[in-house]
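All remarks here apply to the structure that follows.
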Amino acid sequence: MPADDAIRDARPRAAATLPSRAEDFPRWYQEVVARAELAENGPVRGTMVIRPWGYEIWERLQAAIDERIKAAGAHNAYFPLFIPEALMRLEAEHVEGFDPELWVVTHGGGRKLEEPVVVRPTSETVINHFFAKWVQSHRDLPLIVNQWCNVVRWELRPRLFLRTTEFLWQEGHTAHVDEADARAFALRILTDVYRDAMEEVAAVPVLIGHKTARERFAGAVRTWTCEAMMGDGKALQMGTSHELGVNFSKPFGIQYADAAGSLRYVWQTSWGASTRLIGALIMAHGDDFGLRLPPALAPVEVVVLCVREDDQVHRVASQLAEDLRRAGRRVHLDDRTDTGFGRRSVDWELKGVPVRVEVGPRDLARGEVTLVTRHTRTKEPVALGAVAGAVERICRGAAAELRAEALAFREGRTASVTSLAEVAEPGATGFARIPWRAVGEHGELELAAGALSVRCLQRADGGLAAPGEPDDALVAVVGRSY
RNA sequence: CGGGCUGUGGCGCAGUUUGGUUAGCGCGCUGCGUUCGGGACGCAGAGGUCCCCGGUUCAAAUCCGGGCAGCCCGACCA
């Protein structure tokens with residue numbers, strides 16, 4: 001929109017403009033979070049206040065994930081925030097992994113507690129404590145429980161949504177009769193819940209694979225992951241699904257009697273996705289003008305904007321808003337007269353509303369309105385009678401276009417290489433794909449020294465490793481990460 | 001935890017080197033008016049423990065000592 005830019009640039013606006021993504025991505029991110037009124041820092045370091053606009057996005061993400069989790073057979077439940085320290089210590093690797101991140105409550109009721117209480121960093125331990133009671137027979141399996149809650153982890157360098165001391169998430173926990181069943185379920189969650197929600201709802205294309213031993217969840221046998229590329233080329237983990245084997249069922253004593261009457265340990269999984277996804281949404285789709293939301297997640301899909309105070313304008317705008325609402329869209333009528341049109345347009349643009357319907361006297365004189373598509377920033381005149389159809393067209397197409405754009409971006413910044421020495425260059429701006437056997441555990445250390453890491457291991461065609469398939473046959477996706 | 005930097009109205013900053021009247025500026029906020037097709041303008045206002053404690057001095061945002069907090073960079077993480 002060169003014409004628009006010329007107009008913008010002619011106005012005094014320096015203080016109001018976002019920093020450009022290319023120049024300073026982290027600052028751009030912070031500004032978008034602040035100016036789109038998504039969140040701000042809480043009074044305790046690392047904590048986050050999620051503001052209504054951000055929370056409504058979260059509610060929509062939540063709904064998308066919840067619906068899919070339930071389709072996979074899960075039921076929601078709730079377990080306590082406080083975990084006895086002794087329970088937390090039952091699984092050796094798990095404690096060791098989480099120890100440096102724990103918040104421990106030592107006092108209550110004005111007195112020192114007999115036994116310190118841990119604030120949950122994740123709930124494997126409490127939940128499995130109860131699984132041990134609930135599971136008796138093979139008829140009790142699979143047991144599939146999910147909870148939506150907050151968790152708390154000590155963080156050295158917090159960043160809103162991406163890494164906060166307290167965050168909101170969903171954690172699923174399951175128990176199965178055998179390894180194959182557990183694995184199948186972990187993969188189902190990975191693909192049918194996380195990948196599907198990320199790609200279809202959030203319009204963020206993801207790579208799927210499993211983590212190396214170094215990056216694996218503390219206590220897991222295998223960690224499966226969805227990884228996406230952000231607008232600065234860095235990777236962000238969008239959701240993880242863990243195969244826990246019998247690592248927890250043994251120390252927690254979760255056993256069932258099989259059909260023959262012999263006692264067996266359950267095979268387990270756990271999986272989670274958090275408010276970090278909001279950060280992903282911002283960084284995967286945002287542009288120099290702010291947020292770009294896929295309609296399914298936008299608190300408001302269409303804003304009908306009265307260009308100026310005028311009876312006819314107001315009448316038509318109200319009618320259009322009502323029509324669009326009846327057509328099932330989430331619509332906001334912006335008929336404020338105390339704020340200039342330019343300011344209002346820019347505000348909605350910052351907040352990422354997918355479609356703007358601008359109604360002004362000049363449009364009406366021609367029997368039209370102006371439609372603006374947020375993700376392309378294109379304007380088009382549309383006859384009054386054709387508005388509903390045009391809005392539907394934009395809303396239905398937006399997610400696919402955002403996804404295609406993100407995918408093209410990722411592909412453009414991904415290079416395949418064959419040796420460790422060649423990883424640094426593509427890794428600095430995006431992803432390098434390299435045979436895992438050319439990296440190995442030693443190579444991983446070397447990568448870490450260059451601020452790079454293996455995001456996941458997958459087949460050359462992007463598929464998941466089959467059971468028993470050796471890592472040596474797989475490709476490592478290497479990049480910088482959040 | 002090691003290294004670098006910064007604490008001044010809601011936000012972003014200047015002023016500190018070389019102490020000196022009433023602590024400024026931009027954005028934001030309130031009121032009135034003119035505006036309104038891409039972050040409008042004028043006028044009038046409100047808003048401050050200059051991070052905290054102590055010291056030096058006739059006088060401290062400014063100098064000295066001690067504390068606290070935050071940011072950035074390095075080792076961990078959804």
Side-chain angles (χ1 to χ4, degrees), chain A residues 1 3-19 24 26-27 30-31 34-35 40-41 43-46 96-102 121-122 150-159 161-171 194 211 214-218 223 225-227 236-242 270-280 289-290 305-310 313 335-350 356 358-366 368-370 372 377 379 381 445 448-451 453 481-482:
Chain A
M1 303 250 82
D4 275 353
D5 287 340
I7 291 165
R8 295 170 64 85
D9 290 339
R11 310 264 168 163
R13 62 189 183 109
T17 311
L18 284 171
D24 192 341
R27 237 192 99 213
Q30 284 191 325
E31 284 279 312
R35 304 255 302 271
E40 51 195 86
N41 287 312
V44 170
R45 181 183 153 75
E96 200 187 316
F98 278 103
D99 219 33
E101 296 180 64
L102 294 183
T122 177
N150 59 340
V151 284
V152 176
R153 300 177 184 181
W154 183 263
E155 284 295 346
L156 295 175
R157 293 183 53 198
R159 290 187 70 188
F161 294 119
L162 301 175
R163 206 189 298 106
T164 47
T165 284
E166 180 190 9
F167 58 89
L168 305 183
W169 78 346
Q170 145 281 310
E171 50 175 322
Y194 296 144
K211 290 290 189 185
R214 184 189 162 83
E215 303 276 333
R216 196 194 287 150
F217 175 72
T223 288
T225 180
C226 288
E227 300 279 330
L236 187 74
Q237 182 173 301
M238 308 277 287
T240 50
S241 184
H242 315 291
S270 69
W271 22 278
S274 71
T275 35
R276 172 180 274 188
L277 292 176
I278 298 172
F289 301 94
L305 213 47
C306 296
V307 169
R308 50 184 303 165
E309 196 167 4
D310 175 285
V313 163
D335 56 358
R336 286 176 290 171
T337 54
D338 55 358
T339 309
F341 168 76
R343 159 63 73 92
R344 291 181 288 137
S345 311
V346 169
D347 276 352
W348 293 117
E349 189 167 56
L350 252 170
R356 294 202 303 281
E358 301 180 350
V359 185
R362 274 194 337 238
D363 298 303
L364 293 186
R366 290 192 297 265
E368 304 174 333
V369 296
T370 301
V372 190
R377 296 190 80 241
K379 291 186 179 187
L445 282 174
S453 58
S481 74
Y482 278 98

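Naming: A, B, ... by sequence-line order, numbering from 1 per chain.
Residues that satisfy the salt bridge (Lys or Arg N to Asp or Glu O under 4.0 Å) test with A:E40, not counting sequence neighbours, are A:R51. Residues passing the side-chain hydrogen bond (donor to acceptor under 3.5 Å, both in side chains) test with A:R336, sequence neighbours excluded: A:D334. Annotation: side-chain hydrogen bond (donor to acceptor under 3.5 Å, both in side chains) contacts of A:T165 (sequence neighbours excluded): none.
Rounded to whole Å, the separation between the P atoms of B:U8 and B:G70 comes to 14 Å. Between the C1' atoms of B:C27 and B:A46, the separation comes to 16 Å (whole Å). Comparing B:U30 with B:U6, their C1' atoms sit 32 Å apart, to the nearest whole Å. Using P as the reference atom, B:C11 and B:G28 are 15 Å apart when rounded to the nearest Å. Taking the P atom of each, B:G19 and B:A60 are spaced 14 Å apart, rounded to whole Å. The same atom, C1', is picked in B:G65 and in B:C72; the two are 27 Å apart, to the nearest Å. Across B:G9 and B:G48, the matching P atoms stand 11 Å from one another, rounded to whole Å. Rounded to whole Å, the separation between the P atoms of B:A59 and B:G54 comes to 16 Å.
Judged by distance alone, with hydrogens and angles left aside, the side-chain atoms of A:D99 form no donor-acceptor pair with the main-chain N or O of A:E96 at under 3.5 Å. A:Q170 places a side-chain N or O within donor-acceptor distance of the main-chain N or O of A:A273, the cut-off being under 3.5 Å. For the pair A:R308 (side chain) and A:P361 (backbone), a donor-acceptor distance under 3.5 Å is absent.
For A:L350 and B:G38, the CG to P distance is 17 Å, given to the nearest whole Å. One can place NE2 of A:H242 at 12 Å from C1' of B:C77, the figure rounded to the nearest angstrom. Whole-Å rounding puts the A:W348 CH2 to B:G39 C1' distance at 15 Å. If you take CG of A:L236 and P of B:C77, they are 15 Å apart, rounded to a whole angstrom. Rounding to whole angstrom units, CZ of residue A:R356 and P of B:G39 are separated by 13 Å. To the nearest angstrom, C1' of B:C77 lies 10 Å from CD of A:E215. Here the C1' atom of nucleotide B:C77 and the CH2 atom of A:W154 are 14 Å apart, to the nearest Å. A:Y482 places its OH atom 19 Å from the P atom of B:C77, with the value rounded to the nearest Å.
Ring geometry, A:H242 versus A:F217: the interplanar angle falls under 30°, so the pair is classed parallel (tilted spans 30 to 60°).
Cation-pi geometry between A:R377 and A:F289 is met: under 6.0 angstrom from the ring centre, within 45 degrees of the axis.
Which of B:C77, B:G38, B:G37 sits closest to the side chain of A:E101 comes down to B:C77. Considering only the side chain of A:R35, B:G39 comes nearest among B:G39, B:G37, B:C77. The A:R343 side chain lies nearest to B:G28 when the options are B:C77, B:G28, B:G38. With B:C77, B:G37, B:G28 as the choices, the nucleotide that has an atom nearest any side-chain atom of A:R153 turns out to be B:C77.
The two residues A:V369 and A:E358 make their nearest non-hydrogen contact at CB-O, 3.5 Å. The shortest heavy-atom contact between A:L305 and A:S345 is CD2-OG, 3.9 Å. What you find for A:P121 and A:F98 is that their closest heavy atoms are CB-CD2, 3.8 Å.
Contact check for A:M238 versus A:R276: no side-chain heavy atoms found under the 4.5 Å cut-off.
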Polar atoms only, N or O, under 3.5 Å: list the protein pairs with nucleotides 68-75 of chain B and their distances.
from: B:C71; atom 1: OP2; to: A:R45; atom 2: NH1; distance (Å): 2.5
from: B:C73; atom 1: OP2; to: A:R157; atom 2: NH2; distance (Å): 2.2

Pull out every protein N or O sitting under 3.5 Å from an N or O of nucleotides 33-36 of chain B, one pair per line with the distance.
from: B:C36; atom 1: O2'; to: A:V307; atom 2: O; distance (Å): 3.3

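A donor-acceptor contact under 3.5 Å is not formed by the side chain of A:S345 with the base of B:G39. Taking only distance into account, the side chain of A:K379 meets the base of B:G38 through a donor-acceptor pair shorter than 3.5 Å.
Only one option out of A:D310, A:T370, A:L364, A:D335 pairs with A:V359 in a side chain to side chain contact (heavy atoms under 4.5 Å, CB included); it is A:L364.
Of the residues near RNA chain B, A:S274 and A:V359, the one whose nearest nucleotide (by heavy atom distance) lies more toward the 5' end is A:V359.
Residue-level contact check: A:T275 touches neither bases nor backbone, having no heavy atom under 4.0 Å from any strand. Contacts of A:G360 with the nucleic acid, taken as non-hydrogen atoms under 4.0 Å apart, include base atoms. Within the 4.0 angstrom heavy-atom criterion, no nucleotide atom of any strand lies near A:S241.
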Quiz item: When Watson-Crick pairs (N1 to N3 and N6-O4 or O6-N4) and G-U wobble pairs (N1-O2 and O6-N3) count only below 3.5 Å on both distances, what is the dot-bracket string of RNA chain B, with | for other-strand pairs?
Solution: (((((((..((((......[...)))).((((((.....)))))).....(((((..]....))))))))))))....
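A:Y194 OH to A:L277 CG: the interatomic distance, rounded to the nearest 0.5 Å, is 9.0 Å.
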